[in-house]
There are 2 protein chains.
Amino acid sequence: MSLANHIEAYIKKLLMEASSEVIRLQRRELARRFGCVPSQINYVIRTRFTPDRGYIVESQRGGGGYIRIIKVGVPTKECFFENMVNEIGEAIDRTRAKGLISRLTNDKFISLRERLLVESALSALDEIIDELGDFPEYKYNIARAFLLKKLLCSISGGEGEDNDMSEL
Amino acid sequence: MSLANHIEAYIKKLLMEASSEVIRLQRRELARRFGCVPSQINYVIRTRFTPDRGYIVESQRGGGGYIRIIKVGVPTKECFFENMVNEIGEAIDRTRAKGLISRLTNDKFISLRERLLVESALSALDEIIDELGDFPEYKYNIARAFLLKKLLCSISGGEGEDNDMSEL
DNA sequence: ACCTCTTTGACCTTTTCTGACCTTCATTAT
DNA sequence: ATAATGAAGGTCAGAAAAGGTCAAAGAGGT
């Protein structure tokens, strides 16, 4: 097992043990504990504690600096989301996307405000791609699928599947 | 926790305890209480009790001098979001964006799950632009500002302002 | 041999803390 | 009245204490 895996496991253990969903680390301290350079900690966080795996990370520099990791609690049914991520696949058009999202609210898996966020993100994405250049429809569909999957994974609590936009 | 944080917490406690919204400090006295140099107090006030966090600070030099801190009433939700949309402006880098989002949760304007959605959307956006081609940093910043503003407006309940990515 | 993931180290940015020096104001002595 | 004094608070630059970034080297698997 790689060092990165050990550090990941250690941080997760801390999260489990913490009564709250939040822990506070010191990069220096952690690096010393594992006998590695501090930037190794950044690597672990960058690759393992991402938003789409349900983590929020904050940090502060300077004296008394820290890294705070928050695991967002997820009172939702994982298998439902997993299913939906499968349905999305590599690409998805606007209509199908809207259909899926509306199913999520009907089944009370996400709140109305959360739905609003998801829909806004999708429509903003279309506008952004419009402005970025002249791309064929299928790229919109791949990007939309990617974003939607990231969003769903993030609040599903699942460990975030593969998701790599290979064809874009 | 850093000394500055302790001093900040102490001043906030005084504000909570004071029946009115105003307290009066003596810089010297405070510095002595925390065993630091007086200018440390200025540092804390300059960095923590700023107008955009809802504080007004007055002071008087000379014998019988003082520092008066006034906590102004918390802004309404609409006003808060409007303010934030202004702060975002035409473009925003990753760090500033994270800072703003963290303020939203600290002030309880959005839930942790909502925050996770916003953070996921922002990081997915970066990845999508990466895949779409080779764009200069400023385009990321403009697209990020656009998306963030859309998301905030969507859940602010407000009328949603203008938001047009003119420079992208 | 190649590709991906990991590990390292050099260099950068942000935040905090301190101390030397400056300004303002009330009081007191002339 | 006026000048001197001493008691505040203010400013600023530099040192120290974190954490961040990036590119290159190393390891492991196919």
Side-chain angles (χ1 to χ4, degrees), chain A residues 1-11 23-50 53 55-70 159-160 162-166, chain B residues 1-11 23-50 53 55-70 92-100 102-103 119 123 126-127 130-131 134 137 140-141:
Chain A
M1 255 247 281
S2 68
L3 175 55
N5 288 152
H6 281 298
I7 296 173
E8 175 188 9
Y10 177 72
I11 294 176
I23 55 169
R24 203 183 120 113
L25 310 168
Q26 303 235 209
R27 192 179 77 149
R28 270 245 143 102
E29 201 280 310
L30 206 45
R32 214 167 29 73
R33 172 184 300 266
F34 285 94
C36 62
V37 293
S39 57
Q40 177 75 351
I41 308 301
N42 296 88
Y43 174 70
V44 173
I45 287 173
R46 196 190 334 126
T47 54
R48 325 292 219 253
F49 296 87
T50 56
R53 293 186 186 192
Y55 297 95
I56 292 171
V57 178
E58 292 173 342
S59 67
Q60 187 85 90
R61 299 187 186 188
Y66 60 83
I67 296 176
R68 179 182 298 150
I69 298 183
I70 307 170
E159 272 306 88
D162 294 342
N163 188 4
D164 69 357
M165 273 192 303
S166 37
Chain B
M1 258 247 279
S2 65
L3 175 57
N5 288 155
H6 279 114
I7 297 173
E8 175 188 8
Y10 177 72
I11 294 176
I23 55 169
R24 201 184 123 110
L25 309 168
Q26 303 236 213
R27 192 178 77 148
R28 265 247 141 90
E29 201 281 309
L30 248 193
R32 214 168 29 74
R33 172 185 301 266
F34 285 95
C36 64
V37 80
S39 57
Q40 177 75 353
I41 308 302
N42 296 89
Y43 173 70
V44 172
I45 288 172
R46 196 192 332 129
T47 54
R48 321 289 219 263
F49 295 88
T50 57
R53 295 191 196 190
Y55 297 95
I56 293 171
V57 178
E58 294 169 341
S59 68
Q60 186 83 91
R61 299 187 185 188
Y66 60 85
I67 296 175
R68 180 183 297 150
I69 297 182
I70 307 169
I92 189 170
D93 63 31
R94 271 180 217 80
T95 312
R96 279 221 313 135
K98 288 214 67 163
L100 291 191
S102 139
R103 262 174 54 196
E119 300 220 359
S123 81
D126 282 344
E127 292 186 66
D130 283 347
E131 293 291 324
D134 202 5
E137 195 61 22
Y140 287 77
N141 293 343

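Residue numbering restarts at 1 for every chain, and letters A, B, ... go by the order of the sequence lines.
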- Message: Under 4.0 Å from OP1 or OP2 of C:dC5: is there any side-chain N or O of A:Arg46 that close?
- Response: no
- For A:Arg46, enumerate each residue passing the salt bridge (Lys or Arg N to Asp or Glu O under 4.0 Å) test, keeping only those at least two apart in sequence or located in another chain. none
- Item | Under 4.0 Å protein heavy-atom contacts per nucleotide of nucleotides 17-30 of chain C, with B for base, S for backbone only and - for none | BBB---BBBS----
- Message: I'd like to check the side-chain hydrogen bond (donor to acceptor under 3.5 Å, both in side chains) partners of A:Thr50; sequence neighbours left out, ordered by chain and number.
- Response: A:Asp52
- Note on the structure: From CZ of B:Arg94 across to P of C:dT13 the rounded distance in Å is 16 Å
- Please name all residues satisfying side chain to side chain contact (heavy atoms under 4.5 Å, CB included) with A:Arg68, sequence neighbours left out, ordered by chain then number. A:Val22, A:Glu58, A:Tyr66, A:Ile70
- Message: A:Ser2: which residues meet the side chain to side chain contact (heavy atoms under 4.5 Å, CB included) condition with it, sequence neighbours left out?
- Response: A:Ala4, A:Asn5, A:Arg48
- Can you tell me how far P of D:dA8 sits from CZ of B:Arg68, to the nearest Å? 17 Å
- Item | Partner set under side-chain hydrogen bond (donor to acceptor under 3.5 Å, both in side chains) for A:Arg24, not counting sequence neighbours | none
- Task: Treat primed atoms plus P, OP1 and OP2 as sugar-phosphate and everything else as base, then score nucleotides 24-30 of chain D 5' to 3': B for base contact with protein heavy atoms under 4.0 Å, S for sugar-phosphate contact only, - for none.
- Result: -------
- Item | Residues in side chain to side chain contact (heavy atoms under 4.5 Å, CB included) contact with B:Val57, at least two apart in sequence or another chain | B:Ile45, B:Phe49, B:Ile67, B:Ile69
- Would you kindly give the CZ-to-P distance between A:Arg28 and D:dA16, to the nearest whole Å? 14 Å
- Taking side chain to side chain contact (heavy atoms under 4.5 Å, CB included) as the test, write out the residues that go with B:Asn141, two or more places apart. B:Ala91, B:Asp93, B:Glu137, B:Arg144
- Note on the structure: Taken to the nearest whole Å, CD1/A:Ile67 to P/D:dG19 is 6 Å
- Query: In whole angstrom, what separates B:Arg27's CZ from D:dT11's C1'?
  - Reply: 10 Å
- Task: Go through A:Arg33 and A:Glu29 one step at a time and tell me if the side-chain contact (heavy atoms from CB on, under 4.5 Å) criterion holds.
- Result: CA-CA 6 Å; A:Arg33 172 184 300 266; A:Glu29 201 280 310; 3.7 Å; yes
